[in-house]
Amino acid sequence: VAAGMVYFFSGAARQQLRAEIEAQFAKFIATGLALDHVNGHLHFHLHPAVFGILRANATDWRIRAMRLTYDPPRIDWPLGHGRWFYRAGHAFIFRLLSRRARPALHPRKIAFTPFVFGLLENARVTEDYVLKLLPRLPEGDSELYSHPSLDEFKHEFDALISPRVVESVRRESIQLIRYQDLWRDY
C-alpha cells in the first residue's frame, strides 16, 4: 500500500517505475520470445501508474493479453473458507482496478478473461475448492489462479492434476486454454 501511494503521488517515483518497466520489457523483447500475457507481482500491473505505462506502450511491447484480476465474490464467497476481511478487501480493490482497466484494453485489442478464480483464496486453492468451482463457472473464459509447486504449495499442484478434477473438467465440457488462445481470436 505504501509503495502504491508513492507511485501514485510522486512524479520521481513514477519515472523510476517507468525506467524499470521499460528495462524489463526490453530485456524480454531481446529474447525473441512471444509475450503470452502481462501480469505483475501482487497484481501491481493494475495500479493506475503501472497500468498507464503498460497501456501507453502496449503496441511497442507487443502486449496482446493481460490478467484482469477479478474474482467475483458471488461465486467465490460460498466456495472459500474464512479470512473474510482479506477476501472482501481484495475483492473490492481488484474489482475497482479491473473495472477501470477493462475499457482501455478493448480498443487496443488486448485480450483478458472476465474472471480470475482463486485470487481470493491466496495459496489455498485445493482439490475441494476446484471441484466446487468447476460446475459454477460462468459462460465464457475464466482463469484459475494458483501457485502450484512441489514444495510450499504442493496442495495447489495436487489440486490441478487431481484425477477427480480432470474428470470434472471432462464432465463439465470445459475447454482448457492458454492466454495465447485468447489473443489469437483478435
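Linking ILVMFWY residues whenever their side-chain heavy atoms come closer than 4.5 Å, directly or via other members, places F92 and F51 in the same cluster. I110 and L68 end up in the same hydrophobic cluster when Ile, Leu, Val, Met, Phe, Trp and Tyr side chains are linked at under 4.5 Å. Linking ILVMFWY side-chain heavy atoms closer than 4.5 Å, directly or via other members, places F44 and L119 in a single hydrophobic cluster. No chain of hydrophobic side-chain contacts below 4.5 Å, direct or via other Ile, Leu, Val, Met, Phe, Trp or Tyr residues, connects F153 to L160. Residues V166 and I174 fall into different hydrophobic clusters, defined by Ile, Leu, Val, Met, Phe, Trp and Tyr side chains chained together at heavy-atom separations under 4.5 Å.
The nearest pair of heavy atoms linking P103 to P107 is O-CD, 2.9 Å. Of all the heavy atoms in D36 and A65, the pair that sits closest is O-CB, 3.6 Å. Considering all non-hydrogen atoms of both residues, A123 and H155 come closest at O-NE2, 2.8 Å. Minimum interatomic distance between T113 and V116 (heavy atoms only, all atoms of both residues): OG1-CG2, 3.9 Å. Contact between R64 and L35 at its shortest, heavy atoms only, is NH2-O, 4.1 Å. Between T69 and H43, the closest heavy-atom pair is OG1-ND1, 3.4 Å.
When only modelled atom types and interatomic distance are considered, S149 and D151 share a side-chain donor-acceptor pair under 3.5 Å. Side-chain polar atoms of D71 and Y145 form no donor-acceptor pair below 3.5 angstrom. No side-chain donor-acceptor contact under 3.5 Å links E20 and Q16.
Side-chain contact check for L133 versus L144: some heavy-atom pair is nearer than 4.5 Å. I177 places a side-chain heavy atom less than 4.5 Å from the side chain of L182. Between Q15 and S10 the shortest side-chain heavy-atom distance does not fall below 4.5 Å. Residues F25 and W61 form a side-chain contact, since some pair of their non-hydrogen atoms from C-beta on lies under 4.5 Å apart. Counting heavy atoms from C-beta outward, L137 and E172 have side chains that stay 4.5 Å or more apart. Using a 4.5 Å cut-off on side-chain heavy atoms (C-beta onward), H147 and E156 make contact. Here the side chains of V165 and E127 are in contact, with some heavy-atom distance below 4.5 Å. At least one side-chain heavy atom of P138 sits under 4.5 Å from a side-chain heavy atom of F117.
Note that the OG atom of S146 and the CG atom of N122 stand 11.5 Å from one another [nearest 0.5 Å]. With values rounded to the nearest 0.5 angstrom, R100 atom CZ is found 9.5 Å from H47 atom NE2. Y70 OH to S98 OG: the interatomic distance, rounded to the nearest 0.5 Å, is 9.0 Å. From L54, atom CG reaches atom CG of L46 across 9.0 Å, with rounding to the nearest 0.5 Å. Taking CD of Q24 as the start and CD1 of I21 as the end, the distance is 7.5 Å to the nearest 0.5 Å. The CG atom of N57 lies 7.5 Å from the CD1 atom of I63; values are rounded to the nearest 0.5 Å.
Atom CZ of F8 has 12 or fewer heavy atoms from other residues, nucleotides or ligands within 6.0 Å. Atom OH of Y86 has more than 12 neighbouring heavy atoms from other residues, nucleotides or ligands inside a 6.0 Å radius.
With salt bridges taken as basic N to acidic carboxylate O contacts below 4.0 Å, one links E121 and R87. Classification of E167 and R164 as a salt-bridged pair fails, no side-chain N sitting under 4.0 Å from a carboxylate O.
Relative to the six-membered ring of Y7, R14 misses at least one condition, a distance below 6.0 Å or an angle of at most 45° to the axis.
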Inset, instruction - Start with the C-alpha distance between Y129 and D76, add both sets of side-chain angles, then the distance that settles side-chain hydrogen bond (donor to acceptor under 3.5 Å, both in side chains), and finish with yes or no. - result: CA-CA 9 Å; Y129 173 82; D76 177 78; 3.1 Å; yes

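Judged purely by atom type and a 3.5 angstrom limit, R62 has no side-chain atom pairing as donor or acceptor with the backbone of A58. In terms of modelled atom types and a separation under 3.5 Å, the side chain of H90 and the main chain of F85 share no donor-acceptor contact.
Just one of E143, M66, R67 meets the side-chain contact (heavy atoms from CB on, under 4.5 Å) condition when paired with N39; it is R67.
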